[in-house]
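Written out below as structure tokens is the structure these notes cover.
Everything numeric here is computed off the predicted structure, so don't read it as measured data.
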Amino acid sequence: MGDALTALKSRLADVTSLSQINALLEWDLQTQMPPGGAEARARHMSVQSKLVHEMFTADETGRLIEAASAEVSGADYDSDDASLLRVARRDYERERKVPADLVAEVTRTTTLAHDIWAKARANNDFKSFMPSLQRIIELKIRVAECYGYTDHIYDALLDTYEPGLKTADVTAMFAGLRTELVPLVRAIGERVDAVDDSVLHQDFDPERQRQFAELVIRRFGYDFSRGRQDRAVHPFATNFSRNDVRITTRFDPRWLNPALFGTLHEAGHGMYEQGIGEELEGNILAGGTSLGVHESQSRLWENLIGRSRGFWTFFFPILQTYFPDQLGRVDLETFYRAINRVKPSFIRVEADEATYNLHIMMRFELEVDLLAGQLKVKDLPDAWNARSQTYLGIVPPTDTLGVLQDVHWSSGLIGYFPTYSIGNLLSAQLFEKAVEQNPTIPEEIRRGEFATLLHWLRENIHKHGRKYEPPELIRRATGEPLQSRSYMRYLKSKYGEIYGV
Ligand code: ZN
């Protein structure tokens with residue numbers, strides 16, 4: 001290894017370590033820290049972020065990237081060294097484009113906006129949030145201009161969360177989905193009473209809920225010797241190494257779904273991080289390649305597996321032993337239908353698998369129009385309600401249940417929503433390919449065995465870390481670009497059977 005490459009690796013390893021220390025502070029803040037620690041923690045984390053940014057964007061990093069590139073020129077594209085340089089150069093050039101004072105201004109504005117949004121949401125008062133949102137849109141347009149783009153300004157923001165993805169790709173993806181999904185949801189909507197989910201709303205002791213969900217994710221392959229689970233207000237997954245991956249959950253003592261499906265979801269994120277190639281440990285290639293690919297892993301375990309009949313054929317009798325009074329006399333079919341109930345609703349985070357992407361489409365279209373100057377912030381609530389009518393067939397009675405519901409815009413997270421849909425579509429595309437190459441997987445799931453599936457995901461997705469950008473990774477894993485056919489096939493077959501549509 002050349003001197004420059006050695007020096008670059010050591011520098012990037014330090015940057016990675018500093019970021020991971022910050023993630024540990026964040027995990028502690030959300031799971032352990034007493035409220036009194038907030039002010040000190042904000043100091044710790046901001047100095048920590050500043051160090052990361054300064055060290056990474058320093059001229060010295062750029063000099064080492066250039067010198068190291070000369071040393072490894074001719075190295076195999078797939079090699080760790082060539083991949084490291086590709087990703088380092090991309091991150092470096094991108095981070096350097098935005099001036100530090102603009103970064104600071106975005107942070108300041110969004111930090112202040114959070115409280116304003118939370119109050120506006122509580123009081124159903126969009127007007128009080130309008131000036132903040134206006135300012136955030138203006139700043140994000142400036143950020144996008146710094147990054148630069150060739151086709152659409154929204155591309156620049158999308159790229160932050162989903163490298164390589166273009167607005168045109170998302171538009172095409174949703175166009176295909178929309179024509180099939182809207183009629184499907186309408187048809188189910190007419191038969192909404194065909195499924196009763198009251199069995200899920202009973203008294204379920206949280207400790208027994210925890211024990212059951214842990215049993216499931218152990219069988220999935222979530223490795224507790226390199227991970228743990230804690231409680232948090234908003235569930236998340238984080239990691240400070242492939243050997244220290246943590247997930248969190250929350251419990252509703254009167255509703256089985258949040259902790260159960262939330263745990264399967266976060267374990268999916270966690271297993272991705274635990275499966276990153278050992279040789280990538282500690283450098284910038286360690287970690288998931290994008291939010292969309294990450295979400296494909298969580299959704300696959302939560303929905304494709306966790307809401308399937310095969311899975312519950314094995315696990316429902318076990319669940320009944322945990323809750324004999326509540327579920328002892330419920331049959332598998334009633335339970336299976338209950339966990340797959342579809343009902344158009346106002347709130348995205350409570351949406352079922354069929355309506356979820358319709359919520360995302362609305363947000364995507366509105367964001368694109370806002371950035372392109374085709375929609376004014378003051379007209380946003382009306383535009384929201386009109387789309388809600390078109391896509392979901394319902395209009396929220398208040399802005400609290402409509403345009404004010406999500407935290408994302410107040411945090412400046414514009415360009416983020418499409419990654420949720422990418423995760424949904426990709427989960428079905430990957431699962432279909434895994435089964436095509438390993439036809440025994442469905443039978444194994446009915447026996448509560450997941451090793452073949454996890455191995456396929458490890459080999460095709462997890463172990464590569466950030467080596468490949470999502471479009472390339474998806475093509476390598478499935479032989480084609482991201483598509484919506486697999487997901488629609490999955491939904492139509494599942495709901496066709498449950499609802500007779
Ligand atoms: Zn997730």
Side-chain angles (χ1 to χ4, degrees), residues 3-34 36-69 83-114 139-140 142-143 146-147 159-161 163 236-246 273 276 280-291 294 411-413 416 465-466:
D3 290 346
L5 183 60
T6 307
L8 177 67
K9 281 184 175 173
S10 140
R11 190 176 181 86
L12 295 177
D14 288 351
V15 170
T16 303
S17 291
L18 286 172
S19 303
Q20 289 169 340
I21 293 167
N22 228 10
L24 177 54
L25 292 174
E26 172 77 31
W27 172 85
D28 176 82
L29 179 154
Q30 297 212 33
T31 58
Q32 311 289 328
M33 190 188 78
E39 222 169 278
R41 185 55 47 88
R43 273 202 316 276
H44 305 155
M45 291 179 63
S46 71
V47 68
Q48 198 56 29
S49 321
K50 198 170 133 216
L51 286 173
V52 172
H53 187 78
E54 279 174 1
M55 186 182 271
F56 185 62
T57 59
D59 294 343
E60 176 64 3
T61 308
R63 194 191 67 73
L64 289 173
I65 289 173
E66 290 310 322
S69 296
S83 301
L84 178 90
L85 277 164
R86 218 166 41 235
V87 173
R89 181 185 292 277
R90 179 181 186 280
D91 287 358
Y92 178 75
E93 286 175 355
R94 193 177 160 82
E95 298 259 325
R96 290 262 292 191
K97 280 180 182 165
V98 186
D101 56 347
L102 181 53
V103 174
E105 179 61 11
V106 170
T107 307
R108 201 185 66 84
T109 306
T110 53
T111 306
L112 292 172
H114 182 83
L139 288 169
K140 295 307 279 193
R142 279 176 59 197
V143 169
C146 290
Y147 285 142
D159 194 62
T160 314
Y161 310 106
F236 65 96
T238 186
N239 67 286
F240 329 114
S241 155
R242 67 190 290 282
N243 299 318
D244 188 351
V245 177
R246 306 189 186 188
E273 295 292 339
I276 303 290
L280 306 182
E281 168 73 356
N283 84 36
I284 59 163
L285 296 179
T289 193
S290 73
L291 294 184
H294 236 298
S411 309
L413 299 175
Y416 187 113
R466 298 183 65 213

Discussion item. Keeping Thr110 on the side-chain end and Thr107 on the backbone end, is there a donor-acceptor pair under 3.5 Å?
Written reply: yes
Practice prompt. Taking all heavy atoms of Ile276 and all of Gly288, pick out the closest pair and write down the distance.
Written response: CD1-N, 4.2 Å
Worksheet entry | Contact summary for Asn283 and Thr16, nearest pair of heavy atoms | C-OG1, 3.8 Å
Fill in: Donor-acceptor pair between Ser83 and Arg466 side chains, under 3.5 angstrom
no
Worksheet item: Can you tell me how far CD of Gln32 sits from CH2 of Trp27, rounded to the nearest 0.5 angstrom?
Response: 4.5 Å
Worksheet item: Under the 3.5 angstrom rule, does the side chain of Gln48 hit a backbone N or O of Leu18 as a donor-acceptor pair?
Response: yes
Worksheet item: With the threshold set at 4.0 Å, does a side-chain nitrogen-carboxylate oxygen contact exist between Arg96 and Asp59?
Response: yes
Discussion item. Are more than 12 heavy atoms, taken from residues, nucleotides or ligands other than Arg90, located less than 6.0 Å from that residue's CZ atom?
Written reply: yes
Worksheet item: Do the charged groups of Glu93 and Lys97 touch, with an N to O distance under 4.0 Å?
Response: no
Worksheet item: Hey, what do you get for CZ (Arg142) to OH (Tyr147), rounding to the nearest 0.5 Å?
Response: 13.5 Å
Worksheet item: Between the main-chain N or O of Leu413 and the side-chain N or O of Ser411, is there a donor-acceptor pair closer than 3.5 Å?
Response: no
Item to complete: Mind jotting down which residue pairs meet the salt bridge (charged side-chain N to carboxylate O under 4.0 Å, His left out) criterion with at least one end in residues 5-15? Sequence neighbours excluded, please.
Response: Lys9-Asp81
Worksheet entry | Between CZ on residue Arg94 and CG on residue Asp91, distance to nearest 0.5 Å | 9.0 Å
Worksheet item: Any side-chain heavy atom of Gln30 sitting closer than 4.5 Å to one from Thr238?
Response: no
Worksheet item: To the nearest 0.5 Å, how far apart are OH in Tyr92 and CG in Leu64?
Response: 9.5 Å
Discussion item. Taking Arg63 first and then Glu66, would you say they form a salt bridge - that is, a charged N and a carboxylate O separated by under 4.0 Å?
Written reply: no
Worksheet item: Which value, rounded to the nearest 0.5 Å, describes the distance between Asp101 atom CG and Glu105 atom CD?
Response: 8.5 Å
Worksheet item: According to the salt bridge (charged side-chain N to carboxylate O under 4.0 Å, His left out) rule, which pairs have a member within residues 16-34, sequence neighbours left out?
Response: Asp28-Arg41
Worksheet item: Do any N or O atoms from the side chain of Ser17 and from the backbone of Ala13 form a donor-acceptor pair under 3.5 angstrom?
Response: yes
Worksheet item: How long is the span from the CG atom in Leu12 to the OG atom in Ser19, to the nearest 0.5 Å?
Response: 10.5 Å
Discussion item. Is any side-chain heavy atom of Ile21 closer than 4.5 Å to one of Phe240?
Written reply: no
Discussion item. Donor-acceptor check, side chain of Glu281 to backbone of Arg242, threshold 3.5 angstrom: yes or no?
Written reply: yes
Worksheet, complete the sentence: Nearest heavy-atom contact between Ala67 and Ala4 is CB-CB, 3.5 Å
Discussion item. Side chain to side chain contact (heavy atoms under 4.5 Å, CB included), that's the test. Do Leu84 and Leu285 meet it? Break it down for me.
Written reply: CA-CA 6 Å; Leu84 178 90; Leu285 296 179; 4.1 Å; yes
Practice prompt. Taking Ser290 for its side chain and Pro163 for its backbone only, find out whether a donor-acceptor pair lies under 3.5 Å.
Written response: no
